[in-house]
**Q** 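Here's a structure for you.
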Amino acid sequence: MEDLLDAARDAIDEAYAPYSEYTVGAALETSDGTVYTGCNIENANYSNSLHAEEVAIGAAVSDGYQSFERVAVTSGKRDGVTPCGMCRQTFSEFCDESFEIITDGDEPTVYELGELLPTTITSDHLDK
C-alpha cells in the first residue's frame with residue numbers, strides 16, 4: 001500500500017492546476033501489478049479538466065489493461081480526498097465492488113468501491 005501511495009504522491013509533481021491550485025495524484029495497480037499514475041490537468045473552462053484517476057485509467061486501458069486491483073489517491077494537501085462520482089463510475093466499468101481505493105490523509109484509509117458507490121450504473125442497466 002505504501003508503494004502505491006508513494007507513486008500517487010510522486011504523480012502530484014506533474015499536476016497542472018493553475019486555477020484551483022489543488023493538485024491530485026493517482027496510482028492505479030493492474031491485476032498483474034503494473035502501476036499507472038495520473039495527475040489532474042486543469043483547463044480554463046473547468047469542464048475540460050482531467051482528473052488524476054481518469055488520466056491513470058486512460059493510460060492503462062490504452063495499454064490494453066482492463067483488470068485492476070486498487071488505486072491510491074492523494075492531494076497536495078493530503079486531506080484524504082476520494083475519487084469524485086464520475087471517477088468512481090469509471091472504475092465501476094472495469095472493477096467490482098471490492099476494488100480498493102486508498103486515500104491519503106493523516107493515516108491512509110482503504111475503502112471499497114461498493115462502499116463509495118452503492119447501486120452503481122452498470123451495462124446491465126442498458127437496453128440490449
Side-chain angles (χ1 to χ4, degrees):
M1 177 170 63
E2 200 59 40
D3 288 344
L4 204 59
L5 276 170
D6 286 342
R9 291 172 186 147
D10 289 345
I12 288 174
D13 294 339
E14 304 304 322
Y16 178 75
Y19 308 105
S20 71
E21 297 180 6
Y22 188 80
T23 55
V24 179
L28 177 65
E29 183 179 335
T30 68
S31 58
D32 73 1
T34 303
V35 174
Y36 285 85
T37 60
C39 60
N40 59 322
I41 304 167
E42 292 182 349
N43 187 289
N45 78 353
Y46 292 107
S47 65
N48 286 6
S49 295
L50 300 174
H51 298 190
E53 301 91 332
E54 65 184 335
V55 170
I57 202 167
V61 170
S62 292
D63 278 353
Y65 288 96
Q66 294 185 6
S67 180
F68 306 103
E69 295 298 317
R70 58 191 181 156
V71 67
V73 181
T74 189
S75 73
K77 296 184 181 204
R78 296 220 182 140
D79 55 3
V81 67
T82 63
C84 72
M86 180 181 71
C87 290
R88 294 174 193 186
Q89 181 64 48
T90 299
F91 284 130
S92 75
E93 184 69 20
F94 300 97
C95 309
D96 65 21
E97 294 179 346
S98 65
F99 175 73
E100 289 186 346
I101 297 169
I102 304 162
T103 63
D104 193 16
D106 292 331
E107 293 290 324
T109 302
V110 179
Y111 299 96
E112 289 189 350
L113 181 60
E115 178 182 5
L116 296 179
L117 188 67
T119 62
T120 184
I121 299 167
T122 67
S123 60
D124 294 338
H125 293 95
L126 303 176
D127 291 331
K128 297 198 178 194

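All heavy atoms count here, side chains included; hydrogens, waters and symmetry mates do not. Given the structure is predicted, the values throughout are model-derived calculations rather than measurements.
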**Q** Taking Leu117 as the starting point, is it possible to reach Val81 by hopping between hydrophobic residues whose side chains are less than 4.5 Å apart?
**A**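 Yes.
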**Q** If the condition is side chain to side chain donor-acceptor pair (under 3.5 Å), which residues does Asp96 pass it with, not counting sequence neighbours?
**A**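 Side chain to side chain donor-acceptor pair (under 3.5 Å) check on Asp96 returns Ser98.
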**Q** Any chance you could measure Glu69, atom CD, to Phe99, atom CZ, to the nearest 0.5 Å?
**A**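 Atom-to-atom, Glu69:CD and Phe99:CZ are 8.5 Å apart.
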**Q** Evaluate side-chain contact (heavy atoms from CB on, under 4.5 Å) for Ile101 paired with Leu116, printing each intermediate quantity in order.
**A** CA-CA 9 Å; Ile101 297 169; Leu116 296 179; 3.8 Å; yes
**Q** Should we say atom CD of Glu14 is surrounded by more than 12 heavy atoms from elsewhere, each under 6.0 Å from it?
**A**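 Open: at most 12 neighbouring heavy atoms sit under 6.0 Å from CD of Glu14.
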**Q** Quick check: is Val24 connected to Leu5 through a chain of hydrophobic side chains (ILVMFWY, heavy atoms under 4.5 Å apart)?
**A**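 They do not share one cluster, since no chain of ILVMFWY contacts under 4.5 Å joins Leu5 to Val24.
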**Q** What are the two closest non-hydrogen atoms of Ala8 and Ala27, and how far apart are they?
**A**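 Smallest interatomic distance, heavy atoms only, reads N-CB, 3.6 Å.
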**Q** If I take atom OG1 from residue Thr37 and atom CG from residue Leu4, how far apart are they, to the nearest 0.5 angstrom?
**A**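 If we round to the nearest 0.5 Å, Thr37:OG1 and Leu4:CG are 10.0 Å apart.
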**Q** When you group the ILVMFWY residues by side-chain heavy-atom contacts below 4.5 Å and let the links chain together, are Tyr16 and Tyr22 in the same group?
**A**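 Hydrophobic grouping puts Tyr22 apart from Tyr16.
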**Q** Could you report the tightest heavy-atom contact between Gly25 and Ile12, atom names first, then the distance?
**A**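 For Gly25 and Ile12, the tightest heavy-atom pair comes out as N-CG1, 3.5 Å.
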**Q** Between Tyr65 and Asp32, does the side chain to side chain donor-acceptor pair (under 3.5 Å) criterion hold? Intermediate values first, please.
**A** CA-CA 9 Å; Tyr65 288 96; Asp32 73 1; 3.1 Å; yes
**Q** Going by the rule side chain to side chain donor-acceptor pair (under 3.5 Å), which residues pair with Asp3 if we only count those two or more places apart in sequence or in a different chain?
**A**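 By the side chain to side chain donor-acceptor pair (under 3.5 Å) rule, Asp3 matches no residue at all.
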**Q** Ignoring hydrogens, what is the shortest heavy-atom contact between Leu28 and Ile57? Give both atom names and the distance.
**A**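 Where Leu28 meets Ile57 most closely, the heavy atoms are CD2-CA, 3.7 Å.
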**Q** Taking side chain as C-beta onward, heavy atoms only, is Thr82 less than 4.5 Å from Val73?
**A**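 Not touching, per the 4.5 Å side-chain cut-off.
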**Q** Between CD of Glu54 and CG of Asn40, what distance do you get to the nearest 0.5 Å?
**A**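 Those atoms lie 10.0 Å apart.
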**Q** Going through the distances and angles, do Tyr19 and Asn45 end up as a side-chain contact (heavy atoms from CB on, under 4.5 Å)?
**A** CA-CA 10 Å; Tyr19 308 105; Asn45 78 353; over 6 Å; no
**Q** Step through the shown structure and confirm whether more than 12 heavy atoms of other residues, nucleotides or ligands are within 6.0 Å of CD on Glu97.
**A**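 Counting neighbours around CD of Glu97, 12 or fewer heavy atoms of other residues, nucleotides or ligands fall under 6.0 Å, so no.
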**Q** So, using side chain to side chain donor-acceptor pair (under 3.5 Å) as the criterion, who are the partners of Glu100 when residues are at least two apart?
**A**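 Result, side chain to side chain donor-acceptor pair (under 3.5 Å) vs Glu100: none returned.
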**Q** Under a 4.5 Å side-chain heavy-atom rule over Ile, Leu, Val, Met, Phe, Trp and Tyr, are Val71 and Leu113 clustered together?
**A**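 Yes: a chain of side-chain contacts under 4.5 Å links Val71 to Leu113.
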**Q** Are there over 12 heavy-atom neighbours, none belonging to Asp13, within less than 6.0 Å of that residue's CG?
**A**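 Above 12, so yes.
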**Q** Quick one about Gln89 and Ser92 (side-chain donor to acceptor, distance below 3.5 Å, no hydrogens or angles considered), yes or no?
**A**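 Present: a donor and an acceptor within the cut-off.
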**Q** Flag yes if Leu50 and Phe94 sit in one hydrophobic cluster, no otherwise; membership is Ile, Leu, Val, Met, Phe, Trp, Tyr, and two members link when side-chain heavy atoms are under 4.5 Å apart.
**A**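 Leu50 and Phe94: separate clusters.
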**Q** Distance check, rounded to the nearest 0.5 Å: Asp104 atom CG versus Asp6 atom CG?
**A**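 The CG atom of Asp104 sits 9.0 Å away from the CG atom of Asp6.
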**Q** On a heavy-atom basis, which atom in Phe91 and which in Pro83 lie closest, and how many Å separate them?
**A**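 Heavy atoms of Phe91 and Pro83 come nearest at CE1-CG, 4.3 Å.
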**Q** Is Arg9 salt-bridged to Glu2, cutoff N-O under 4.0 Å?
**A**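 Judged by the 4.0 Å cut-off on N to carboxylate O distance, Arg9 and Glu2 do form a salt bridge.
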**Q** Which heavy atom of Cys87 sits nearest a heavy atom of Glu53, and at what distance?
**A**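 Closest approach of Cys87 to Glu53, heavy atoms only: SG-OE1, 3.7 Å.
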**Q** From Arg78 CZ over to Glu107 CD, what is the distance, rounded to the nearest 0.5 angstrom?
**A**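 Result: 11.5 Å between the selected atoms.
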**Q** Work out which heavy atom in Thr103 is nearest to a heavy atom in Gly80; give both atom names and the distance.
**A**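 So the two residues come closest at CB-O, 3.8 Å.
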**Q** Run Ile102 and Met1 through side-chain contact (heavy atoms from CB on, under 4.5 Å) and show every step you take.
**A** CA-CA 8 Å; Ile102 304 162; Met1 177 170 63; 3.7 Å; yes
